[in-house]
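Quick notes on the structure that follows.
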Amino acid sequence: MISKYIYRKYFTVLSCLLCAALLGGCATAGSVKIASFEAQISTVVDSIEEIDANMNAIDTDSDTAGTQMLKYMKELSSAIDNLAAIEVPSSDYQYVNDLAVEAQEYMGEAVTLYSQILSSGAEYDPDIADEAYQYYQKACRRVSIIVSLLHGNTPSDVEITYE
């Protein structure tokens, strides 16, 4: 099973980055479209922060820890779906949509694989758990990149092309 510590660590970093983007402003507020875009990003940030708090509150020793984690992974997947559905105000923000769609696909795979692990009668398979975690990490990384870019920072390990 995916470690609670890893979830807590990653979501703490992700939440901080999302808050920084929100507080730092994503774009000029003069445009109605940009203001709407910022409000929608804010809603997604709030949702992810709530999911993070809930994931961190899971008692890993509980018999229901796995099903609780799956529930929150599905909620995270839904939040990423909402991120991917946000209409970008101009082509300057197209990377938000592109990365969000990738995150959406990766998170969907993570949820599917994690669901397999928890399905009734299935034996725990560490390879499937590892694969689910890798997809989860890829999804979270894309969300993190979006936040960094909206905050005006380009991560050094990411190549971004603007068309």
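These numbers were taken from a predicted model, which means no experiment stands behind them. We number each residue from 1, following the sequence as shown.
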| request: Quick one: pull up CZ in Arg141 and CD in Gln137 and give me the separation to the nearest 0.5 Å. | output: 11.0 Å
| task | Identify the residue among Val44, Thr43, Val96 that makes a side-chain contact (heavy atoms from CB on, under 4.5 Å) with Ile86. | result | Val44
| Of the non-hydrogen atoms in Ala132 and Tyr114, which two are nearest, and what is the gap between them? | CB-N, 4.0 Å
| query | Which atoms form the tightest heavy-atom contact between Ala110 and Tyr136, and what is the distance? | reply | CB-N, 3.6 Å
| Would the number of heavy atoms belonging to other residues, nucleotides or ligands and lying under 6.0 Å from CD of Glu87 be above 12? | no
| said: Is there a side-chain hydrogen bond (donor to acceptor under 3.5 Å, both in side chains) between Gln68 and Tyr72? Walk through the geometry before answering. | reply: CA-CA 6 Å; Gln68 287 177 323; Tyr72 295 128; 5.7 Å; no
| message | Quick one: does any side-chain atom of Ser148 pair with a main-chain N or O of Ser144 as donor and acceptor, under 3.5 Å? | response | yes
| Would you find more than 12 non-hydrogen atoms of other residues, nucleotides or ligands less than 6.0 Å from Glu50 atom CD? | no
| task | Ignoring hydrogens and angles, state whether a donor on the side chain of Thr112 or Gln116 is under 3.5 Å from an acceptor on the partner side chain. | result | no
| said: Closer than 3.5 angstrom, by distance alone: can the side chain of Asp125 be matched with the main-chain N or O of Ile117 as a donor-acceptor pair? | reply: no
| CG on Leu70 to CD on Glu75, rounded to 0.5 Å | 10.5 Å
| query | Where the side chain of Ser78 meets the backbone of Lys74, is there a donor-acceptor pair that is under 3.5 Å apart? | reply | no
| field | Minimal non-hydrogen separation, Ala84 against Asn97, with atom names | value | O-ND2, 3.0 Å
| message | Test side chain to side chain contact (heavy atoms under 4.5 Å, CB included) on Asn82 and Ser47; report intermediate values, then the result. | response | CA-CA 10 Å; Asn82 292 339; Ser47 175; 5.6 Å; no
| Glu131: partners by side chain to side chain donor-acceptor pair (under 3.5 Å), with sequence neighbours left out | none
| field | Same apolar cluster: Val111 and Val101, side chain cutoff 4.5 Å | value | no
| note | From the list Met107, Glu102, Glu105, Arg142, side-chain contact (heavy atoms from CB on, under 4.5 Å) with Ile80 holds only for Met107
